[in-house]
Undergrad: 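Handing you this structure, nothing more for now.
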Amino acid sequence: MPAPTAPETDGPPGPRFVHDALPGRIVFGAGRAQRDLSAEVERLGGARVLVLTTARERRAVEALTAALGERVAARFNDVRPHVPVEVATQARALAATHRVDLLLAVGGGSAVGTAKAVALTTGLPILAVPTTYAGSEVTPIWGLTEDGRKTTGRDEVVLPRTVIYDAALTTTLPATLSAVSGLNAVAHAIEAFWAPGRTPVADALAETSIRSLARGLPGVVADGADLGARGQALLGAWLAAASFAVAGSGLHHKICHVLGGAFDLPHAQTHAIVLPHVLALNAPYVPGASDRIAGALGAEDAVTGLGALARALGAPDALRDVGLEQTRIDEVLDDVVALAPSDNPAPVDRDTVRALILAAWAGPPG
Ligand code: NAD
């Protein structure tokens with residue numbers, strides 16, 4: 001599947017874009033995973049299911065999937081962050097040995113990513129039950145890590161056929177992880193305003209998603225068991241990822257991808273820290289988008305509003321606090337410049353990228 005098509009910037013006036021709508025069934029509501037899982041498995045024809053999750057979530061997932069009985073052909077509880085190639089190989093072998101016909105991923109982006117790695121080579125359908133705000137469950141993007149380098153690609157075969165969003169499954173996500181995962185979702189939405197495949201549908205989804213995340217996340221961090229706040233945040237996470245799935249990666253995602261791969265930085269934390277800097281860089285060049293982002297955040301100004309949200313959530317705000325060494329920043333500049341979309345609102349060169357990463361290393365925008 002090719003990358004999103006960039007809107008034309010020359011030619012006659014008026015809106016011009018290509019919007020590639022993505023398929024997928026969304027079942028949304030607290031308590032629905034427990035209630036509807038068997039029916040949704042059946043709907044996809046799952047008779048021999050491979051359940052994928054992390055060791056940390058194993059018990060909760062066993063309880064959730066108990067009702068599937070003998071339909072569970074095998075369980076893979078060794079999901080690891082960033083889908084190492086050897087983990088994908090183990091999961092594929094398990095799927096082959098047990099002749100599975102459906103992949104059921106329960107967990108964050110890593111569990112869904114592992115199922116995608118299996119689907120990529122087998123074509124098996126995926127039913128995803130996300131438990132974070134990462135959003136991988138509604139994108140056709142897969143990722144695999146080998147020798148410290150993360151490779152990603154787009155292929156509709158990895159797009160989950162059905163997603164069950166159940167806020168009750170997210171109440172165990174600790175406040176700190178909820179905060180950074182939520183800001184990871186905000187990053188999907190904000191970048192949808194300027195990423196290469198932006199369309200009026202993607203930015204409408206993005207605007208609604210920012211409003212929902214800004215409303216839900218403070219309540220989530222204050223009380224992790226607040227199902228109303230959890231539901232708002234999860235709704236925002238879905239819409240954010242849906243906008244990202246269409247618009248594709250912009251400068252922010254490219255920077256985080258390169259930094260994460262090169263220095264093994266934590267995914268959601270890196271997004272939470274870098275986003276305010278990319279927004280500060282681009283906002284002056286896209287005043288219309290900036291006003292819409294500010295409005296959705298309930299603020300006068302987008303950059304100030306995002307900073308206030310991140311502070312309210314107690315999110316980390318400096319790359320030096322998540323393991324980046326200042327002396328190594330220059331190592332990634334060429335990779336970021338090479339990957340930066342040519343139509344990023346602000347001009348991007350080596351000096352701009354160095355200044356941005358250095359500022360993100362030191363703390364929030366001044
Ligand atoms: P993750 O899946 O690695 O989960 C982080 C930790 O949270 C894990 O230890 C997990 O066991 C735990 N966890 C998850 N849900 C929990 C819950 N409800 N309660 C308690 N603990 C819970 O991290 P993530 O941020 O969800 O996903 C990050 C990964 O997803 C990265 O590899 C990233 O590249 C990928 N991703 C891919 C896409 C895409 O479109 N392909 C989009 C976003 C993220």
Side-chain angles (χ1 to χ4, degrees), residues 1 3-4 22 24 30 33 52-61 63-64 77-84 87-88 105-117 119-120 126 128-145 149-156 158-160 163 165-189 191-192 195 220 224-225 230 233-234 237-238 240-249 252-254 256-261 264-272 315:
M1 188 183 175
L22 292 163
L52 302 103
T53 193
T54 58
R56 182 174 172 178
E57 294 165 274
R58 181 178 63 87
R59 279 182 201 283
V61 173
L64 175 69
N77 298 322
D78 295 325
V79 161
R80 300 271 147 76
H82 300 303
V83 196
V87 171
V106 188
S110 301
V112 176
T114 307
K116 285 178 166 181
L120 187 63
I126 300 175
V129 185
T131 61
T132 71
Y133 307 125
S136 177
E137 64 281 352
V138 288
T139 83
I141 302 162
W142 54 266
L144 281 166
T145 306
R149 270 195 103 83
K150 189 162 185 178
T151 310
T152 59
R154 284 178 78 93
D155 192 326
E156 227 177 277
V158 308
L159 182 70
V163 181
Y165 282 106
D166 183 342
L169 300 180
T170 63
T171 56
T172 49
L173 192 66
T176 44
L177 263 178
S178 298
V180 291
S181 188
L183 288 169
N184 184 187
V186 175
H188 291 146
E191 277 236 305
V220 161
R230 286 282 185 189
L234 198 57
W238 165 44
S243 65
F244 169 65
V246 171
S249 290
H252 167 81
H253 279 82
K254 297 301 184 190
C256 293
H257 173 87
V258 171
L259 285 174
D264 198 24
L265 302 184
H267 176 85
Q269 287 84 341
T270 305
H271 277 269

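Indexing begins at 1, ligand by ligand and atom by atom, following the structure's order. Atoms considered below: every heavy atom in the structure, side chains included; atoms not considered: hydrogens, waters and symmetry mates.
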Undergrad: Within ligand 1, which atoms have a heavy atom of Gly108 less than 4.0 Å away?
TA: 2 (O), 26 (O)

Undergrad: Does only the side chain of His82 get under 4.0 Å from ligand 1, or the backbone, or both, or neither? Count heavy atoms.
TA: both

Undergrad: Heavy-atom distance to atom 15 (N) of ligand 1: which of Leu144, Thr145, Thr131, Thr54 wins?
TA: Thr131

Undergrad: Please check if the number of heavy atoms outside Trp142 that lie under 6.0 Å from its CH2 is greater than 12.
TA: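 Atom CH2 in Trp142 is crowded, with more than 12 foreign heavy atoms closer than 6.0 Å.
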
Undergrad: Can a donor-acceptor pair be found, under 3.5 Å and without considering hydrogens, that links the side chain of Arg58 to the backbone of Thr53?
TA: no

Undergrad: Find out whether His82 and Asp264 are in side-chain contact, i.e. whether some heavy atom of one side chain is under 4.5 Å from a heavy atom of the other.
TA: yes

Undergrad: Identify, for atom 3 (O) of ligand 1, the protein heavy atom at the shortest distance, and state residue, atom and that distance.
TA: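 Of the protein heavy atoms, Ser110 OG, 2.6 Å lies nearest.
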
Undergrad: Please state which protein non-hydrogen atom is closest to atom 21 (N) of ligand 1 and give its distance, to 0.1 Å?
TA: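 That would be Arg56 NE, 3.7 Å.
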
Undergrad: Give the residue and atom name of whichever protein heavy atom lies nearest to atom 22 (C) of ligand 1, and the separation in Å to one decimal.
TA: Leu173 CD1, 3.7 Å

Undergrad: Can you figure out which of Ala55, Ala237, Gly109, Ala245 has its heavy atom closest to atom 29 (C) of ligand 1?
TA: Gly109

Undergrad: How far is atom 43 (C) of ligand 1 from its nearest protein heavy atom, and which residue and atom name does that atom have?
TA: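 Answer, as residue, atom name and distance: Ala134 O, 3.1 Å.
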
Undergrad: What protein heavy atom sits nearest atom 34 (O) of ligand 1, and how far away is it?
TA: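 Minimum-distance protein heavy atom for atom 34 (O) of ligand 1 reads Lys150 NZ, 2.6 Å.
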
Undergrad: Can you find an N/O atom of His188 closer than 3.5 Å to an N/O atom of ligand 1?
TA: no

Undergrad: Okay, side chain of Ser249, backbone of Lys254: is any donor-acceptor separation there less than 3.5 Å?
TA: no

Undergrad: Just by distance, do the side chain of Ser178 and the backbone of Leu173 share a donor-acceptor pair under 3.5 Å?
TA: yes

Undergrad: Please work out which of the three classes, parallel, tilted or perpendicular, describes the rings of His188 and Phe244, given edges at 30° and 60°.
TA: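 Judged by the thresholds at 30° and 60°, the geometry between Phe244 and His188 is parallel.
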
Undergrad: Hey, is the main chain of Gly260 close enough, under 3.5 Å, to the side chain of Thr270 for a donor-acceptor pair?
TA: no

Undergrad: Is it the case that the side chain of Arg80 and the backbone of Val87 share a donor-acceptor pair, with hydrogens and angles ignored and the cut-off at 3.5 Å?
TA: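 The answer is no, because no donor-acceptor pair under 3.5 Å joins these two groups.
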
Undergrad: Measure the distance from atom 38 (C) of ligand 1 to every protein heavy atom, then report the residue, atom name and distance (to 0.1 Å) of the closest one.
TA: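 Its nearest protein heavy-atom neighbour is Ser136 CB, 3.4 Å.
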
Undergrad: Could you tell me whether a side-chain N or O of Lys116 sits under 3.5 Å from a main-chain N or O of Thr139, the two making a donor and an acceptor?
TA: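 Yes, the answer is positive, given that a donor and an acceptor are paired below the 3.5 Å cut-off.
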
Undergrad: Atom 18 (N) of ligand 1: which protein heavy atom is closest, and how many Å away?
TA: Leu169 O, 3.1 Å

Undergrad: Would you mind checking which non-hydrogen protein atom is closest to atom 40 (O) of ligand 1, with the distance to 0.1 Å?
TA: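 In this structure, atom 40 (O) of ligand 1 has Thr139 OG1, 2.5 Å as its nearest protein heavy atom.
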
Undergrad: Say whether His257 and ligand 1 are in contact under the criterion: heavy-atom distance to a ligand atom below 4.0 Å.
TA: no

Undergrad: As a check for students: among Thr172, Val83, Leu177, Ile141, identify the option with a heavy atom nearest to atom 17 (C) of ligand 1.
TA: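 It is Thr172 whose heavy atom sits nearest to atom 17 (C) of ligand 1.
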
Undergrad: I need the His257 NE2 to Thr151 OG1 distance, nearest 0.5 Å.
TA: 7.5 Å

